[in-house]
There are 2 protein chains.
Amino acid sequence: MSSKKKILIADDEPDILEILQFNLAAEGFEVFTAKNGDEAIIKATSESPDLIILDIMMPGKNGIDVCKHLRAIPQFSNTLIIFLTAINNDLSEVKGLESGADDYLNKPIRPKVLLSKVNALFRRIVKTEEDVLQIGNLQIDREKYNVRLNNEDILLARKEFELLSLLASKPGKVFLRNEILHQVWGTDVIVGDRTIDVHIRKIRQKLNLDCITTVKGVGYKFEL
Amino acid sequence: MSSKKKILIADDEPDILEILQFNLAAEGFEVFTAKNGDEAIIKATSESPDLIILDIMMPGKNGIDVCKHLRAIPQFSNTLIIFLTAINNDLSEVKGLESGADDYLNKPIRPKVLLSKVNALFRRIVKTEEDVLQIGNLQIDREKYNVRLNNEDILLARKEFELLSLLASKPGKVFLRNEILHQVWGTDVIVGDRTIDVHIRKIRQKLNLDCITTVKGVGYKFEL
DNA sequence: ATTTGTCTTAACAATTTGATAATATTAATA
DNA sequence: TATTAATATTATCAAATTGTTAAGACAAAT
């Protein structure tokens with residue numbers, strides 16, 4: 001999967017903050033916290049989270065204020081916002097959603113419900129992501145499955161693409177031949193010794209660029 | 001806003017149905033109703049609603065079943081679904097959201113909360129909704145179901161249209177054959193290996209334009 | 001009932017790919 | 001430098017993948 005989703009949590013109660021952080025981090029999200037509304041705005045601006053969870057009742061700027069403030073900034077017009085509230089009545093819920101939030105969650109927090117909501121919201125948004133490697137003037141787009149060098153498309157066959165994609169994923173790192181076999185061919189496929197070489201050759205030929213270095217007796221590495 | 005949003009409500013209690021219908025219609029939505037799960041599926045198919053509100057507890061097919069059934073059909077992969085439930089416990093909520101719903105609502109119904117949730121969901125979706133794709137001199141109108149090239153209408157059969165529409169939704173992106181099968185044919189439909197090819201061929205033939213590229217071993221992509 | 005058009009499949013052709021073998025080249029080391 | 005191990009190069013071939021055409025099942029329209 002691409003990069004980790006960032007989630008910002010703002011609540012003045014340390015316990016709640018901790019519970020949320022623990023559960024979301026365990027699910028693989030990158031979590032940031034804020035102890036009040038103003039801090040939330042600052043961290044939101046600096047971290048550009050994908051989702052912001054706001055407690056409504058906070059000293060100073062409350063959650064609704066923060067939400068309105070953020071929604072007025074283009075950077076956050078598409079950010080997911082969830083309210084956290086103990087006030088379980090019509091009024092606050094309505095106010096929350098009308099101020100531009102995507103959902104709200106009642107306290108006490110039920111971790112499973114929280115995670116489900118978060119995932120449900122992300123499922124809807126996730127679609128607009130990109131997965132491109134950019135190394136110098138070389139661009140490898142894993143989604144579009146193409147390689148561009150100096151704004152010119154280069155057609156690589158599947159194995160060639162996967163091999164280059166692997167090497168370029170960690171420029172400078174030397175990949176052992178075994179490692180390459182496992183990653184590109186799989187653990188149970190057996191191919192001859194020269195197979196990798198031939199593919200490397202084709203890549204070098206097609207790219208016409210000195211970017212794959214042979215490390216004799218060890219493997220190959222990609223560099224600039 | 002474009003045209004009226006369509007909402008389908010499925011509940012076995014006539015009272016609830018009426019309350020919901022009244023409130024949503026008053027807000028300007030076009031409302032359809034169903035008295036059970038099977039009717040819901042039928043009406044969903046014929047009306048293509050933008051939002052479906054499903055009672056979880058219904059005789060016969062319950063809401064979760066209906067949701068799963070619908071989500072497996074490409075037509076409904078992006079339709080909003082909200083559950084309606086009196087069961088106020090973790091388990092049912094989690095199950096609901098995991099079966100692909102976007103939100104849930106606890107009974108008793110509080111009209112204002114309902115409307116806020118509905119509006120919050122629509123607000124988020126509206127942005128990704130583009131019924132007319134324009135790529136170069138090619139125009140794909142998903143609502144009218146037609147394709148124009150150089151101001152000339154081109155008649156595509158439904159599967160052809162959906163396939164082209166999918167590929168053109170992300171120009172440059174390579175769609176894996178599997179991905180295409182899921183999106184166009186649905187997750188549980190099984191068709192032979194050559195079916196996609198044949199449809200691709202027909203599109204190429206009818207458009208008479210070099211815009212669909214084969215990426216051998218991977219899939220197809222659309223490009224100007 | 002007949003026509004029309006859509007969707008799928010089967011059969012075969014055409015193409016591309018990936019692996020190998022054979023040979024050449026390179027780099028390290030005795 | 002001669003030797004050797006490792007890699008590079010090239011051509012070739014079988015397998016995998018896709019293209020094409022025609023035909024039949026089915027549904028919708030006439």
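Just so we're on the same page: letters track the sequence lines, and every chain starts at 1.
- Between A:Trp185 and C:dA19, a side-chain N or O to OP1/OP2 separation shorter than 4.0 Å is present.
- Per the geometry, CG belonging to A:Asp193 stands 15 Å off P belonging to C:dA22, to the nearest Å.
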*So B:Phe122 and B:Phe29, ring pair (Phe, Tyr, Trp, His ring centres under 6.0 Å) or not? Walk me through it.*
CA-CA 12 Å; B:Phe122 275 138; B:Phe29 296 108; 5.6 Å; yes
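- What separates CD1 of B:Ile154 from P of C:dG5 is a distance of 17 Å, to the nearest Å.
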*asked:* Walk me through whether A:Lys173 and A:Glu179 qualify under salt bridge (Lys or Arg N to Asp or Glu O under 4.0 Å).
replied: CA-CA 12 Å; A:Lys173 172 187 156 100; A:Glu179 216 171 333; 2.9 Å; yes
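- Taking atom NZ on A:Lys159 and atom C1' on D:dT17, their separation rounds to 13 Å, with Å as the unit.
- Screening B:Val31, B:Leu84, B:Asp15 for a side-chain contact (heavy atoms from CB on, under 4.5 Å) involving B:Leu20 leaves a single residue, B:Leu84.
- Considering CD1 of A:Ile9 and CD1 of A:Ile52, their distance stands at 11.5 Å, rounded to 0.5 Å.
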_Letter per nucleotide, 5' to 3', of nucleotides 5-14 of chain D [B base touched, S only sugar-phosphate touched, - untouched; heavy atoms, 4.0 Å]_ = BBBBBB----
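- A straight line from CZ of B:Arg158 to P of C:dT4 spans 21 Å, rounded to a whole angstrom.
- As rounded to whole Å, 15 Å separates atom C1' of D:dT18 from atom CD1 of B:Ile203.
- Under the side-chain contact (heavy atoms from CB on, under 4.5 Å) test applied with A:Ile203, the options A:Ile154, A:Val147, A:Leu163 reduce to a single match, A:Leu163.
- In this structure, A:Phe161 atom CZ and C:dT17 atom P are separated by 14 Å, rounded to whole Å.
- Residue A:His199 has no polar side-chain atom (N or O) positioned under 4.0 Å from OP1 or OP2 of C:dT17.
- Using cut-offs of 30° and 60° for the angle between ring planes, the A:Phe161 and A:Tyr145 rings count as parallel.
- Atoms CG (A:Leu156) and P (C:dG18) sit 10 Å apart, rounded to a whole Å.
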